[in-house]
Protein chains: 2
Amino acid sequence: MTEHRPGPAVPAGGLRERKKQRTRDALLRAALLLFLSQGYDKTTVDEITDVVQVSQRTFFRYFANKEEVAFAVQDLVESHFVAALRARPASEGPLTAMRNAVLVAWDTVDEAISDVVPVDLYMRGYQLIESTPALLAVHLRRSTELEERIARLVADREGLDVDADPRPRVAVAAFSGVMRVTGRLWGQGQDTSVAAIRRMTEAYLDQIGPALAADWR
Amino acid sequence: MTEHRPGPAVPAGGLRERKKQRTRDALLRAALLLFLSQGYDKTTVDEITDVVQVSQRTFFRYFANKEEVAFAVQDLVESHFVAALRARPASEGPLTAMRNAVLVAWDTVDEAISDVVPVDLYMRGYQLIESTPALLAVHLRRSTELEERIARLVADREGLDVDADPRPRVAVAAFSGVMRVTGRLWGQGQDTSVAAIRRMTEAYLDQIGPALAADWR
DNA sequence: AGGCTAGTGACAGCGACTGACACTTCACAA
DNA sequence: TTGTGAAGTGTCAGTCGCTGTCACTAGCCT
């Protein structure tokens, strides 16, 4: 009996590891709640660690900086989108595949993250990012990294070399540009539901063709 | 003789104002040179103010934060592009106008900024931004603000309401997305000349059509 | 049982940034 | 020309994000 199947409700790993996970989760949740209730800038790391009863030094052992904790959930959603894109049939063209992937991703975010945080919390977190200059800046930089990943993925789908053919990067750039506008406008709007952002996404993607036409009249 | 025409080499304003301008310029130049020689992160504000012989407090009276000083020249170039876009004949469609505006802008950056800093310095500054995470993040956020300005400008050209018709923002987003890829790849490349980025700009813009086609084969 | 080491807390220190206040210096009017 | 107000600056003290160091505690493994 040196080994046994993992029980249903018991997280993997020894006591050490489980403790670690608990601290990280606690910090994450505490930070998110504080950010949402009083704003990111007005929340100090000390306040977060006070809630969790942990030294400030420990916070920085789990998160490289104060920003990182705000993007933990974002990471999940991004991976979720990438997975959705990967799942698209090879028969779909690049733009169609990306378009369908986002829409499917929005339709299934709930299941994808609900065991970490409720979707509602994620949505409010996203809005916080969009409305906090420091976070928005980091978000955009992270987005360009995601773009590169996607470009490589698209290139693979089409059997191309990203560095030889500019089309993958150009297509992804144009697509992502539109996604960003959508995110921004959604953040400014009233309806903060997933349905709202899904609707806007679709509407704006539909405008790529018309918007890029030579003449708008 | 309570007033006299401004002499040829004498900047406008009283002594007070001229002094102010000199301090600001000195700080700007000192900062840029330090950033370029030893990197942004490794340069402290104290080092900058030591060169100019000014207290740290004074630095922060001229620049809201350490980042701001790195974008002073960038500001000029952006305005230069906006001006170029404004100068495009109404007969050109949105995309054509933007495309021509960037190209013309690159062809004339030299004249536009040379009395503040040599173009070479600007180019190296741009590369610094692209390669410094903290600066890149801010750059991208600033870019979205510029995008909004451009979208309004484009909407005006076409006699549309930005908030009613999504096409201006979508077109600008797609365009800017491609511009960003260009900037990134240029920054990673070897040739740091204006000619190089102009060439890449043109090449990548040419790919928008093909990249957005349904089928790439 | 006892040594090993991962994880933590306490502390000191750096650098970006801010508020308060006193002081210098220019501007402008009497 | 001089005096007065305000603009611009330096000094100082303090906050906050973040890092290095070191000693200590508690799971782990033999």
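By convention in this document, chain letters (A, B, ...) are assigned in the order of the sequence lines, proteins followed by strands, and residues within each chain are numbered from 1. These numbers were taken from a predicted model, which means no experiment stands behind them.
Without hydrogens or angle criteria, A:R141 side chain to B:P133 main chain gives a donor-acceptor distance under 3.5 Å.
Put simply, CD on A:E17 is 18 Å from P on C:dT5, counting in whole angstrom units. B:R18 has its CZ atom 19 Å from the P atom of D:dA7, to the nearest Å. As rounded to whole Å, 11 Å separates atom P of C:dA10 from atom CG of A:D50. At whole-Å resolution of the value, CG in A:N65 and P in D:dC18 are 5 Å apart. Residue B:R22 contributes atom CZ, which lies 14 Å from atom C1' of C:dT25 at whole-angstrom precision. Spacing between atom NZ of A:K42 and atom P of D:dC16 amounts to 13 Å, rounded to whole angstrom units. Residue B:F63 contributes atom CZ, which lies 12 Å from atom P of D:dT9 at whole-angstrom precision. Here C:dA16 presents its P atom at 7 Å from CD of B:Q56, a figure rounded to the nearest Å.
A 4.5 Å side-chain heavy-atom check between B:V73 and B:Y126 finds every atom pair outside the cut-off.
A:Q53 CD: 12 or fewer foreign heavy atoms inside a 6.0 Å radius.
For D:dG8, the OP1/OP2 oxygens have a side-chain nitrogen or oxygen of B:K20 closer than 4.0 Å. Side-chain N/O atoms of B:K19 include one lying less than 4.0 angstrom from OP1 or OP2 on C:dC26.
Of the candidates D:dG10, C:dG9, D:dT19, D:dT19 carries the atom nearest the A:F60 side chain, counting heavy atoms from C-beta on. Set against D:dG20, D:dG17, D:dA26, the side chain of A:T44 has D:dG17 as its closest nucleotide. Each of D:dG10, D:dG8, C:dG7 was ranked by its minimum atom distance to the side chain of B:Y62; first place goes to D:dG8.
One cannot find a donor-acceptor pair under 3.5 Å joining the base of D:dT19 and the side-chain atoms of A:R61. Residue side chain A:R57 reaches the base of D:dG20 through a donor-acceptor N/O pair under 3.5 Å, judged by distance alone. Side-chain to base pairing of B:R16 with D:dA7: one donor and one acceptor N or O lie within less than 3.5 Å of each other.
At a threshold of 4.0 angstrom between heavy atoms, the contacts of B:T43 are confined to the sugar-phosphate backbone, with no base atom among them. Counting non-hydrogen atoms under 4.0 angstrom, A:T58 reaches the backbone sugars and phosphates but no base.
Each of A:M200, A:M98, A:R99 was compared with A:L205 under the side-chain contact (heavy atoms from CB on, under 4.5 Å) criterion, and only A:R99 meets it.
Atom CD of A:E47 is separated from atom CG of A:D50 by 7.5 Å, given to the nearest 0.5 angstrom.
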